Q: 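Structure below; questions to follow.
Please read all numbers here as calculations on a predicted model, not as lab measurements. Just the heavy atoms: all of them, side chains too, but no hydrogens, waters or symmetry mates, feed the values below.
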Amino acid sequence: MDKDSLTDKDLEQLAQLMALALKDLDCPDCCGPTHAFIEFGAQRYREEWEWACLVQVVQHVRRVKFGGRG
């Protein structure tokens with residue numbers, strides 16, 4: 001199937017198949033290490049995102065307070 005020849009109906013069917021496959025993956029008992037890895041990655045992403053937001057705020061405050069130097 002060529003990506004240019006996909007119709008909306010084809011995309012809808014693919015999305016339904018993906019949703020069905022994801023439902024089967026929601027099982028920590030049978031995929032414990034995989035589930036733990038995904039959870040660890042999600043937690044790490046949240047922590048790094050929070051730090052990135054803090055850095056942006058500090059840089060903005062410095063620019064405002066010190067007139068562009070910071």
Q: Please report the interatomic distance CH2(W51) to CD(Q56), rounded to the nearest 0.5 Å.
A: 14.0 Å
Q: Quick one: do R62 and Q59 satisfy side chain to side chain donor-acceptor pair (under 3.5 Å)? Show the steps, please.
A: CA-CA 5 Å; R62 284 184 174 177; Q59 287 177 346; over 6 Å; no
Q: Working to the nearest 0.5 Å, report the span between NZ of K65 and NE2 of H60.
A: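 One finds 13.0 Å between NZ of K65 and NE2 of H60.
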